Amino acid sequence: MSYRYGEYRDGPDPLAPPYDVRSALDQMGDAVLSGSNPGHALRDLLKQGLPGAQDRRGLDDLLREVRRRRRELRERGRLDGTLERARALLDKAIGQERSELFPDPSDDARLRESELDGLPDDTASAIQELSTYQWRSAAARQTFEELRDLLRREVLDSQFRGMREALANPDPAAMERVREMMSELNDMLDRDARGEHTQDDFENFMSKYGDMFPEAPRNLEELVDTLARRAAATQRLLASLTPRQREELNALINQTLEQAGMGEQMRRLGESLYSRRPDLAWNTPERLTGDDPMGMGDAVTALDELADLTQLEAALRQDYPGARLDDIDEGAIRRALGRAAVDDLEALRQIERELEQQGYLRRQRGKLELTPKAVRRLGETALRRVFASLESGRRGDHDQVDAGAAGELTGSSRPWRFGDEQPIDVVRTVVNGVRRGGGGAVTLSVDDFEVAETERRTAAAVCLLVDLSYSMALRGTWAAAKQTAMALQALVSSKFPQDSVQIIGFSNYARVLQPDELAGLEWDMVQGTNLHHALLIAGRHLDRHPDFEPVVLVVTDGEPTAHLRRNGSAAFEWPPTQETLELTLAEVDKMTRRRATLNVFMLAEDERLKEFVNEVARRNGGRVFSSSADRLGEYVVSDFLRTRRAR
């Protein structure tokens, strides 16, 4: 036996490693940490494609291919090719007949010439009158028959793709078979409308006439879809012509069908197809800009493909509410761009499914959200970015994956209890398993585990107050604030699990932000910077942990412009009223009495804001940082670590 080796071309590489869905999550994380929400981040990922995943194309690449294909179709030719060809053959036949009559001096010859001179200018009407004319010229008779064969093939090909080849050498038996097919097709559609159609009926029909349908439909629904799209393209062809061209071609179509004995059957079929697929663009004109005239069948095929590509382009853009990759018609992708594009689409769908199945994404009330598992990973990413920007020599903190969770080791161990954060003492755990097993294979039970004891570390109650007002988005500082919140949440949960952290967002009102809410967090399209309400909520958090060291950090780009009334409603005024400033500073004083140092990170160089934060620092003793957006995370995290070391 001989073997031949080459590139595998029949679909995706079966030996390629599976795509790492975590890489997809990391790509989404870049967009999320830049301020995007999970839905937009996933859409951007699918649009860009998946680098490293066999270089699969993204939706944007497929969209460019679709648009390129549309341009090619539009530049292919003109839609009036059949009319032009019919006129040319008609003029040729008349010219041949005149050449035959000219030498004949008889009155019959002059009468025939007069009849030819009186033919109407309209091509269809002229053909209709000549259908009963007795040709003297054999060449003219042959040309006229060629014209009628051309019209018959083009008209039928415009309704049934591939009919032109089937009728290349028409004979009465072939035309009779076409009439029988149309009659049986209409009867099958009528039975289906009454609910009497079966799959066996369809298979019997295809066994007799399957060669007339190169699309090879598998059931009646697919056959109807194919015929309806082609019939709609024929109507778009007529709508795209000038009024005179439309009238001439329509007359030619009707005349040809009547002469072929199919007029009534075609009307029945057209009415049935329209009633089943009224959603198609039946009378929407299209514009083709090419120079070469196209036959009617080719023009209808081009318009059918253009309609496919138009719908495909809308689906690939994915810019409508609730858009999903399942909305993209795989058959349309295959027809327009080939098998490779179908494989690319399936790879994108697989990523979307895997992100949900592996617990990184979930849909809540139609909205895409990141799960706590995904948020933790993104928080770790944000924290790594912050540590990467810190100067290790000056600040002394590094990204340590083996950092202790609860203080220095004491050298002793104790049995593990549920909820313990201390590291497992592996040696003592295995020794306990060996002692209990008495030799042979070692199996571990829960009672065998021991943890290494650590020194008790002071716990902190951490409050991060993040401005969510619309001005944060306008100044381009929102993404940095969001990334900072996620980094601090990840730092506290991983390195200081004994701390209690609460992140509070504030605009016209303030609210507590849950850890799994941070990734999908967006700014508020409202007016107001209600720091007063945020400090009230932070104070309650500190009061719930009286034995914890208080840490309060504020990130804002503006002075307070709102406060909370006694009835719970928010009062907004700009410039801020004296009442707003007094109530906010009163909460600052309460923080001072709680021994909480309040550090403020300014994201704007505003004189009113400087005046306010300087007053906060004077009353509380905290510090003021004037940070650029790209270094906010570095400032907040390093200040938190400095505070924890000092405590």
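Bear in mind the structure is a predicted one, so any value in this text is a computation, not a measurement.
The distance from atom CE of M591 to atom CG of L542, rounded to the nearest 0.5 Å, is 5.0 Å. With rounding to the nearest 0.5 angstrom, the CD atom of Q514 is 8.5 Å from the CD atom of Q502. In this structure, CD on E579 lies 10.0 Å from OG1 on T584, to the nearest 0.5 angstrom. How far CD of E65 is from CD1 of I333: 10.5 Å, rounded to the nearest 0.5 Å. Here R618 contributes atom CZ and E615 contributes atom CD; the two are 4.0 Å apart, rounded to the nearest 0.5 Å.
A salt bridge links R349 with E330: at least one charged nitrogen is closer than 4.0 Å to a carboxylate oxygen. The pair D60-R64 does not count as a salt bridge, with every side-chain nitrogen at least 4.0 angstrom from each carboxylate oxygen. The pair D543-R594 meets the salt-bridge criterion, with a side-chain N (NZ, NE, NH1 or NH2) lying under 4.0 Å from an Asp/Glu carboxylate O.
Under the 3.5 Å distance criterion, the side-chain polar atoms of T429 are matched with a main-chain donor or acceptor of E450. Without hydrogens or angle criteria, Y509 side chain to N530 main chain gives no donor-acceptor distance under 3.5 Å. With E346 contributing its side chain and V342 its backbone, the two residues share no donor-acceptor pair below 3.5 Å. A donor-acceptor pair is defined here as one N or O able to donate and one able to accept, closer than 3.5 Å; no such pair exists between the side chain of S569 and the backbone of R565. Panel note: side chain H563, backbone L583; no donor-acceptor pair is recorded below 3.5 Å. Panel note: side chain H545, backbone A461; no donor-acceptor pair is recorded below 3.5 Å.
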*What do the steps show when you test L531 against E559 for side chain to side chain contact (heavy atoms under 4.5 Å, CB included), and what is the final call?*
CA-CA 8 Å; L531 182 58; E559 60 186 324; over 6 Å; no
*Please walk me through it: do D343 and R339 pass salt bridge (charged side-chain N to carboxylate O under 4.0 Å, His left out)?*
CA-CA 6 Å; D343 296 335; R339 168 63 187 268; 3.0 Å; yes
*Start with the C-alpha gap between V446 and W416, add the side-chain angles, then the distance that decides, and say whether side chain to side chain contact (heavy atoms under 4.5 Å, CB included) holds.*
CA-CA 8 Å; V446 175; W416 174 84; 4.0 Å; yes
_Assess the residue pair F506 and L535 against the criterion (side chain to side chain contact (heavy atoms under 4.5 Å, CB included)); give the C-alpha distance rounded to whole Å, side-chain angles, the decisive distance to 0.1 Å, and a yes or no._
CA-CA 10 Å; F506 62 96; L535 290 171; over 6 Å; no
*Where do L348 and L59 land on the side chain to side chain contact (heavy atoms under 4.5 Å, CB included) test, with the steps shown first?*
CA-CA 9 Å; L348 296 175; L59 294 180; 3.8 Å; yes
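In this structure, the side chains of R511 and I504 stay at 4.5 Å or more apart for every pair of heavy atoms. With a 4.5 Å cut-off on side-chain heavy atoms, L564 and L536 count as touching. With contacts defined as side-chain heavy-atom distances shorter than 4.5 Å, the pair F612/V600 does not qualify. The shortest side-chain heavy-atom distance between E549 and R595 falls under the 4.5 Å cut-off. Contact annotation: the side chain of T556 never approaches that of V466 to less than 4.5 Å [non-hydrogen atoms, C-beta and beyond]. V616 places a side-chain heavy atom less than 4.5 Å from the side chain of L585. A 4.5 Å side-chain heavy-atom check between T529 and F572 finds every atom pair outside the cut-off. Side-chain contact between V66 and L316 is present, with heavy atoms from C-beta onward closer than 4.5 Å.
In terms of heavy-atom proximity, L62 sits nearest to L337 at O-CD1, 3.9 Å. Here the closest heavy-atom approach between residue L468 and residue S507 is recorded as C-CB, 4.2 Å. When all heavy atoms of P560 and P576 are compared, the closest pair comes out as O-CB, 3.0 Å. The minimum heavy-atom distance between H541 and C463, with the atom names listed, is CD2-SG, 3.4 Å. Taking both residues in full, the closest heavy atoms of A460 and V551 are given as CB-CG2, 4.2 Å, listed atom of the first, atom of the second, then distance. Shown here for A510 and I537, the closest heavy-atom pair between the two residues is O-CD1, 3.6 Å.
For D329, there are no salt bridge (Lys or Arg N to Asp or Glu O under 4.0 Å) partners two or more places apart in sequence or in a different chain.
Residue R428 forms a side-chain contact (heavy atoms from CB on, under 4.5 Å) with just one option from V426, D425, V431, and that option is D425.
The environment of CD in E221 is sparse: at most 12 heavy-atom neighbours from other residues, nucleotides or ligands sit within 6.0 Å. Environment of CZ in R218: sparse, with no more than 12 heavy atoms of neighbouring residues, nucleotides or ligands closer than 6.0 Å.
A side-chain donor from one of T592 and N620 sits under 3.5 Å from a side-chain acceptor of the other.
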